[in-house]
Each structure stands twice: as structure tokens, then as C-alpha cells.
2 protein chains.
Amino acid sequence: MSTIEDVAKLAGLSRTTVSRVINNHPYVSEDKRKLVMEAMKQLGYVPNSSARSLRSQKTDVVALFVPRIMNPFFSQLVEAMEISAAEHGYQLIICQTRYSPEKELNYMNLLKMKQVDGVILASIQNDWKVLEPFLDYGPIVLCNEFDEQANVPSVMLDQVHGGYIATKHLLEQGHRRIAYCRGSTRSNVASHREIGFRKALAEYGIEFDEQYAFRDAFHSEDGRRVFHQMMALPTPPTAVFTGSDEVAAGIISEANKHGFRIPEQLAVVGFDNQEITELMEPSITTVHQPVDQMAKKALEVMIEKIHSRKYKQREIYEFPLKLIVRESTVSNKLVQL
Amino acid sequence: MSTIEDVAKLAGLSRTTVSRVINNHPYVSEDKRKLVMEAMKQLGYVPNSSARSLRSQKTDVVALFVPRIMNPFFSQLVEAMEISAAEHGYQLIICQTRYSPEKELNYMNLLKMKQVDGVILASIQNDWKVLEPFLDYGPIVLCNEFDEQANVPSVMLDQVHGGYIATKHLLEQGHRRIAYCRGSTRSNVASHREIGFRKALAEYGIEFDEQYAFRDAFHSEDGRRVFHQMMALPTPPTAVFTGSDEVAAGIISEANKHGFRIPEQLAVVGFDNQEITELMEPSITTVHQPVDQMAKKALEVMIEKIHSRKYKQREIYEFPLKLIVRESTVSNKLVQL
DNA sequence: TTCAGATATGAAAACGATTTCAGTAACCGG
DNA sequence: CCGGTTACTGAAATCGTTTTCATATCTGAA
């Protein structure tokens, strides 16, 4: 394992000059540069990254916090983020909080230890007051999250609008008894969607009915359960808004199994536009989220913060959501038209 | 940002003693230990990780190579690996090769730069001869991969058996014209499955028929295409083996759309036992892979290698696959029994 | 009583780079 | 031809730890 010293010796130059070549500093003559390059190649030299980090106080690594990776929404986020990171010469460390405030807090130490240059939170488990002190050690950027109190950049999607357009679509189809499904994390993504949901209802003069609200629906299994809960009601809903395609798929799968016709007997909208929406029978109306764009932007904002060293400033970057109409809300023939 | 020096001063001791406390070394008296702990807490001290890495020549970080994260199989692998890593006090850096040998080779430098203690390859894009030299800089462990030439540990699943049991199941259902779908990466996962597929066929005295082989099926869209290709054949197959649940889902979705009955007109087996297998109508017969176990084992083997510093030794750890029969190969009534 | 080992602590070297500072040579305008 | 940039190079300080080496005290067995 050769060091910069070895390279310097072989090239007959000083460490300083070698370092200059490595870092593309000006004021190195072309012939010396050649010498150094040659020596580096001959030794198969690569700079030791710990030494660089220690001296230059940067690691070119950022940490991405997600609750869990298996959730397709976060898979996509991680995938896009890693690609952007690689393009900018950064590495990505993955931190799964698994919805645990303790785990989150623990991972936060990566910033204090200077193991990463910054932290991107795609999930928040602690009160902002708990996280804020870490800003003394490096930048924090929120991605797909938002906190009233947080004085940091936030790259997010217009979830209020998302809830609104999905619900409005159901209303326009003539539905008046619309159930509402969400997972209830402490994230305000779901809350924002609920605001949009209520707004659409209000426009049609409909009251939010708590008996139609299910706030513990995360996975497809929950969808199956909710389906039965809904159908057991005195007056079942004729449509259901869900916070994820998986839940929507669970509802539809269970409905299929019991001979219910979708959308005739129950219209369903999902959220995320995951692959499954096109595979299910019927295909699922959903809300497309520009996850890739958001991830890319979040990383770019992070890099900007790392360089500018001004962390405690609120900035909002918002991307629009788009309704994608498929068969689960509109009967086949109409979709064809 | 306080350093170990600050802690030492505040505690009225030397850096050495503070370091001993941090690293749980023996020979520190209880009262001094208390002093140090107190000083650390008071200063909110956390050791600088670059400095530690530089001196101790270890980073407690491992890199995980996957082609892409969105693929649910790899999502699950990453998720499980991150959990195991965290349990052992390691961080995980994600490297998406996107099936590119250049990207893979580039990420390999993480080992040379000593930015990671080891590399777990869940995907191989280069010839082993190209990767082998990196063993001089740290351990490489194969996970879900295998290479004849590779003199390193390999944690894998019995793919030959997987291909065999899935195919045998179809044969037992009476099928004789069985199509074969796979994605053709240079990985030998698919090749091993094909060996199992052929073995089962051979046991029934059936020849592998190239007209029924589709080696370019990765995603659900490919499944849709393959469905039409199969059905356009002079004598279409009555069953199809696929290398992934997504492809199986694509085939089934397209079949549904065109009024084909599954499994009566075409039986379908998938691979991976992903969530979608239970959501599709009909549900999909598939092969369950113990991904979590494999990931955990791979990480443990990696840690063992890091400590033992003996990298160039071949070891095989194999986990069994299990057939899960659902509706896509057996008509509804039979499954109920 | 003695001396070998165990216990406890600190000074200084080492890890491998980047950065600061200083110095020399070449160039250029007045 | 002189003074001041600009171009180029290297010695030494520095980043924040861990590790090595040295030293001192204490313990218990011979």
C-alpha cells in the first residue's frame, strides 16, 4: 500500500507537488505533472480517504435517512439519490430508522463524528427541537418532509394538492360517500394529503365522516382488513382514497377475491404510481409523484449547503403531483375512450 | 467541536487515558474513568471518525454492490443487510452498478482508498480476474453470486434446486410444453436456474426446446411482450417458468387483459415470492428465497474476514429455496383442498 | 525481603494526506 | 534595470485519533 510519500520519492518531488497534482491545483508545470502521474500509475497509488477527510474536514459522503427501504417509494428515492450522488462524486450511507426515534438520533451522530458531510432526512421521527442542535455539525436537508419549526431547506411534493386532485376525481365521478385511508406516522405527508382530501370534500359541501376514516393502513394486508371494515359499515362507502398503492392493491385484491366489482361497487385511488398499479386487474388510478426529480434536487441542495456552510435557513422547493386515471375509478369502456 | 485533547484537559488526564476509556481498554481505574465520562458528556464529545480510521486502519463501513435498488429482490437484500450491519456497528455504503462493469470497477476503488473495510458483491459485472487484485486491499464476499474462479467466500442460494422444483411442479401438473424465461445478465444465478430447469425436464424425458426460451425478460413489460411471443408460436406452451415475479405478473396481467384463463390455458411460476404474488389475480406460484438469512450471513462472513484478515479463501454457504404453490399453476378448487 | 508480574498512567510517534508559509525563478511594465 | 507580480516548488505544521514505549506503583509468591 503506497502513500503519497512513495509517489513523491519515485517522482523525485515533494509531497506537496504530488498533492497539487491530485487535487488539480494550479501552478504545477506540465513536466512535473507528467512525472507524478507516471509515478502514481506505476505504484497503483490511490489517496487514502481517511487521511484526506481528516485534513480537509470533508468526507464526500452524505447520509440518507429512510424509515425502510423495502417500501417502493423509498426504494425509488434511494435509487435516484444514489445516482445523483455518484454523479457529483459523493457516496451515500443508508440509515433505516424503522420509525424509531432512538435509531434516528443514533444515526444523527454520523454528523457529529464527521463521518458524513450532511444528512438528508426522508423521514423524521424526532421533534425538530431534538434534531436542531445537530445543525452545529453540518447541514440537514428535508426531503419529502416538512416541519413547521425546522429552519432548514425542505424539498417536497405538494401533498395537499395530491390529496385534493385524487379526491376531486372521485367526486367528479359522482361519489359522495368516500372513505379515507392513511398510515399514521408522525410525518405530515399524510396530514397534508388529508387537508387536500377535506378541501375537495368541502367544495362539494360534504362533511368529513370519521366512520369512513382509517388511519392505520400501511401495507396491502391492512388494505384487505380495511376492505372488510368498510363493507361491514351500515352504509358502506362507494369510493376510497388511499395513501399508498399497496393499500389500494390490498383492497382491490380482497374485493376481487370476494366477487366485488371494482370500480362499479367500489372505486379506489392509490398513491405513488408504482408498478403494481398497471399490473393489477383492474389497473389502479393513482397519483404520480416525481420522486426522481425530488431526490436529485434534494441532493443538489445538500451539496450547495455543504459548500456555502449556511445551514440554518429555511427554503422550500416544491414539485407538483399528477393524477393518473386508470380502471379502478372509471369503468373500462370510459377509459378506452 | 471538541477534541480528545479538550476532554483530557478538562478531566485533568492525558489523551491516552481518554482514548483508553473510549475504546474500553483495560487498566483504567474506576475514578479516572468516571472523570473522563463526565468530561465527555459535559463537552458533548464524540470521536472524530476520520482520525480514528486513519490511525486504526479500519472504518467500520462496508460497501454493498447491487445492480439497482428498485428491483424488489435487491431492496430486500439492502434492507436486511443494513439491519445486520447496524446491529454489528457497521455502516453501509450503497453502490449501484447499473449492470456497468466500469461503474463496478470504479466503486471498487473504495477498497483501495480504504474508505470501506470490505466489499459485498450482490452482483458481478467484471471478470473475476479483473476484481481479484483488489483482494490485496481488503475482503470481498459474494452474496447471491458465485464465480468458478473466485477464491473468496460466497453466500448463496441453491438456484439449481430452485429451477428444478419449480419446473418439476409444472411437470407434475401434467405440463409438457414449458416455456422458459430469464433475464440474461452475466450473473450465473440465471444459468444455475436453467440447469435445474433442464434437469427436471430431462427426468421426464423432455428435450429443452429453444423456441420456448426467452432470455431477455427482466421486467413486467418484458412479460407482456413474451406473452404475445409465446402465443404467436405454432404450438404455444401450456406453462411458463419465469425468473422473476415481475415477469410472471406481466405475463398474467397481459393474459387477463386478453381474456386468457390462468392457469387453465397457461400456468405460470414466478421467482422471489414478492408481495405482488399474493396481490395478483390469480395469485402467483413462486419460489421463496431466504434473502434475509442470506444477507445476514453474508455480513457476518464479511466481518469475520475483516477480523481474520484472510481473504483469499473459498467458502460456500448455501441456503435452500422453497416452492410456494398458489393459483397461477393450480386451478382454484384444487388450491382450496 | 525480593522480584516478577499486574495495574495504571502519560509522552511521543504514527497514520497519510492537505494547507500554510516561505523561497526562488521568470516575466513584465515603467 | 529595478520592483512587483506570476509561476512553480518544497519544508514543516496540521488534522484528531490510536498505538507504542516508558515508567511507576502495587500485589503476591518464593
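For clarity, every value in this text was computed on a predicted model and none was experimentally measured. Numbered from 1 within each chain, the chains take letters A, B, ... in sequence-line order.
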Chemist: Is D117(B) reaching over with its side chain to a backbone N or O of V62(B), donor-acceptor style, under 3.5 angstrom?
Modeler: no
Chemist: Counting N and O atoms only, with roles assigned by atom type, does the side chain of E104(B) sit under 3.5 Å from a partner on the main chain of Q125(B), one being a donor and the other an acceptor?
Modeler: yes
Chemist: Between E79(A) and R98(B), does any NZ, NE, NH1 or NH2 come within less than 4.0 Å of an OD or OE carboxylate oxygen?
Modeler: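 Yes, charged N to carboxylate O under 4.0 Å.
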Chemist: What pair of heavy atoms forms the shortest contact from T59(A) to S50(B), and how long is it?
Modeler: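 Heavy-atom minimum between the residues: CG2-OG, 4.4 Å.
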Chemist: Take the protein atom NZ of K9(A) and the nucleotide atom P of dG16(C), then report the distance between them rounded to whole Å.
Modeler: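 Rounding to the nearest Å, NZ of K9(A) and P of dG16(C) are 12 Å apart.
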Chemist: Quick one: is N48(A) getting a side-chain N or O under 4.0 Å of the dC15(C) phosphate, OP1 or OP2?
Modeler: no
Chemist: Can you find a side-chain donor-acceptor pair between E5(B) and T3(B) that sits under 3.5 Å?
Modeler: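 No donor-acceptor contact under 3.5 Å links the two side chains.
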Chemist: Nearest-Å distance, OH (Y45(B)) to C1' (dT17(D))?
Modeler: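 Those two atoms, OH and C1', are 7 Å apart.
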Chemist: Would you mind reading off the distance between N23(B) atom CG and dT19(D) atom C1', rounded to a whole angstrom?
Modeler: 11 Å
Chemist: When you match L54(B) and H25(B) each to their closest nucleotide on DNA chain D, which lands nearer the 5' end?
Modeler: L54(B)
Chemist: So, under a plain 3.5 Å distance rule, would you say the side chain of R52(B) forms a donor-acceptor pair with the base of dT17(D)?
Modeler: no
Chemist: Check the interface with nucleotides 24-28 of chain C: list each N/O to N/O pair with the protein under 3.5 Å, or write none.
Modeler:
none

Chemist: Expressed in angstrom and rounded to an integer, what is the separation of K58(A) atom NZ from dA17(C) atom P?
Modeler: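 Rounded to whole Å, this separation is 15 Å.
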Chemist: Run the salt-bridge test on E300(B) and K296(B) with the 4.0 Å N-O cut-off and return the result as yes or no.
Modeler: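 Looking at E300(B) and K296(B), the cut-off is met.
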Chemist: What one-letter contact string describes nucleotides 4-11 of chain C from 5' to 3', where B marks a base within less than 4.0 Å of any protein heavy atom, S marks contact via sugar-phosphate atoms alone, and - marks no contact?
Modeler: ---SBBBB
Chemist: To the nearest angstrom, how far is M113(B) atom CE from dC15(C) atom C1'?
Modeler: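 Whole-Å distance recorded here is 17 Å.
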Chemist: Using atom CG of L35(A) as one end and atom P of dC8(D) as the other, report the distance to the nearest whole Å.
Modeler: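 About 15 Å, once rounded to whole Å.
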Chemist: Would you state whether a donor and an acceptor, one from the side chain of R55(B) and one from the base of dT17(D), lie under 3.5 Å apart?
Modeler: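 Answer no: no donor N or O sits under 3.5 Å from an acceptor.
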Chemist: Report the distance from atom CD of E5(A) to atom C1' of dT18(C), rounded to the nearest whole Å.
Modeler: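 It works out to 14 Å between those atoms.
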Chemist: At their closest point, which heavy atom of C143(B) faces which heavy atom of M294(B), and how far apart are they?
Modeler: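 In this case the closest contact between C143(B) and M294(B) is SG-CG, 3.9 Å.
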Chemist: Please confirm whether the shortest side-chain N or O distance from Q57(B) to OP1 or OP2 of dG16(C) is below 4.0 Å.
Modeler: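 So the side chain of Q57(B) is within the cut-off, an N or O lying under 4.0 Å from OP1 or OP2 of dG16(C).
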Chemist: Sub-3.5 Å donor-acceptor pair from the side chain of R33(B) to the main-chain atoms of R20(B), do we have one?
Modeler: no
Chemist: Holding to salt bridge (charged side-chain N to carboxylate O under 4.0 Å, His left out), I want the full list of residues that pass it with D136(A), two or more places apart in sequence or in another chain.
Modeler: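 For D136(A), the residues satisfying salt bridge (charged side-chain N to carboxylate O under 4.0 Å, His left out) (neighbours in sequence not counted) are K312(A).
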Chemist: Taking CD from Q115(B) and P from dG16(C), how many angstroms apart are they, rounded to a whole number?
Modeler: 16 Å
